[in-house]
Amino acid sequence: QVQLVESGGGLVRPGGSLRLSCAASGFNLDYLGYGWFRQAPGKEREGVSYISGRDGSTYYEDSVKGRFTMSKDKAKRTVYLQMNALKPEDTATYYCAADPSAGPWHVARGWTYVTFWGQGAPVNVSN
């Protein structure tokens with residue numbers, strides 16, 4: 001059974017850092033593309049990042065470039081989102097997503113119409 005489980009969310013002050021993890025089970029990481037999207041209350045879903053399961057290439061939404069870094073650990077079957085210099089506008093629930101046909105274009109599409117996604121990890125950037 002395919003499953004994505006996020007962890008690592010929480011409360012952090014502006015300028016702080018958090019690392020989100022997404023543990024994958026039920027399939028080979030190499031055959032899928034992975035990413036993160038977020039949704040804040042009352043706002044539309046927003047794509048954040050993408051990473052290729054094959055070559056590890058990445059792509060980011062403009063507002064997080066230079067602050068967020070996505071990576072993967074094949075041995076641990078986990079993808080990560082390192083978030084630095086967090087801003088209040090980064091507050092949202094963050095979801096991990098995966099799809100066999102995923103590519104960088106999924107970021108602009110908000111990772112809609114994907115095959116797998118997790119339950120979400122809330123991130124609150126506040127004083």
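All values below were derived from every heavy atom in this structure, side-chain atoms included, with hydrogens, water molecules and symmetry-related copies excluded.
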Determine, step by step, whether R13 and V125 satisfy the side-chain contact (heavy atoms from CB on, under 4.5 Å) criterion, reporting the C-alpha distance in whole Å, the side-chain angles of both residues, the deciding distance to 0.1 Å, and the verdict. CA-CA 5 Å; R13 292 185 176 181; V125 185; over 6 Å; no

Listed partners of S52 passing side-chain hydrogen bond (donor to acceptor under 3.5 Å, both in side chains), at least two apart: D55

Within one Ile-Leu-Val-Met-Phe-Trp-Tyr cluster: F68 and I51, side-chain cutoff 4.5 Å: yes

If a pair satisfies disulfide (SG to SG under 2.5 Å) and one of its residues is in residues 57-87, list it, with sequence neighbours excluded. none

Any chance you could measure W117, atom CH2, to D99, atom CG, to the nearest 0.5 Å? 10.0 Å

Does any N or O in the side chain of Y59 come within less than 3.5 Å of the main-chain N or O of V48, such that one atom is a donor and the other an acceptor? no

Is there a side-chain contact (heavy atoms from CB on, under 4.5 Å) between H106 and Y113? Walk through the geometry before answering. CA-CA 9 Å; H106 274 86; Y113 305 110; over 6 Å; no

Which atom of V79 lies closest to which atom of Y34, heavy atoms considered: CG1-CG, 4.0 Å

Under the salt bridge (charged side-chain N to carboxylate O under 4.0 Å, His left out) rule, what pairs show up with a residue in residues 69-80, not counting sequence neighbours? D30-K74

Which heavy atom of T78 sits nearest to which heavy atom of S21, and what is that distance? CG2-CB, 4.1 Å

Using a 4.5 Å cut-off on heavy atoms from C-beta on, say whether the side chain of E6 contacts that of L20. no

Partners of P100 by side-chain contact (heavy atoms from CB on, under 4.5 Å), sequence neighbours excluded? L32, T115

Minimal heavy-atom distance between A40 and A92, with the atoms involved, is N-CB, 3.8 Å

Which distance, rounded to the nearest 0.5 Å, do you find between the CG of L81 and the CG of L18? 9.5 Å

Quick one: salt bridge (charged side-chain N to carboxylate O under 4.0 Å, His left out) pairs with a partner in residues 81-95, sequence neighbours left out? R38-D90, R67-D90

Please tell me whether V107 and L4 are part of a single hydrophobic cluster in this structure, the criterion being side-chain heavy atoms less than 4.5 Å apart. no

Under the side-chain contact (heavy atoms from CB on, under 4.5 Å) rule, collect the residues that match up with D62, sequence neighbours excluded. K65

Okay, side chain of W111, backbone of S49: is any donor-acceptor separation there less than 3.5 Å? yes

Passes side-chain contact (heavy atoms from CB on, under 4.5 Å), W36 versus M70? Steps please. CA-CA 9 Å; W36 294 88; M70 192 170 179; 3.5 Å; yes

With sequence neighbours excluded, tell me which residues meet ring pair (Phe, Tyr, Trp, His ring centres under 6.0 Å) with F116. F27

S17: what forms a side-chain hydrogen bond (donor to acceptor under 3.5 Å, both in side chains) with it, not counting sequence neighbours? N84

Mind jotting down which residue pairs meet the disulfide (SG to SG under 2.5 Å) criterion with at least one end in residues 19-96? Sequence neighbours excluded, please. C22-C96

Identify, with sequence neighbours excluded, every residue that meets side-chain contact (heavy atoms from CB on, under 4.5 Å) alongside S126. L11, N124

Residue pairs meeting disulfide (SG to SG under 2.5 Å), one or both in residues 37-73, sequence neighbours left out, come to none

Is a side-chain N or O of E46 found less than 3.5 angstrom from the main chain of G110, in a donor-acceptor match? no

Not counting sequence neighbours, which residues clear ring pair (Phe, Tyr, Trp, His ring centres under 6.0 Å) with Y95? List them please. F37

Evaluate the side-chain proximity of T58 to Y60: yes if any heavy-atom separation is below 4.5 Å, no if none is. yes

To the nearest 0.5 Å, what is the distance between CD on Q39 and OG1 on T93? 8.0 Å

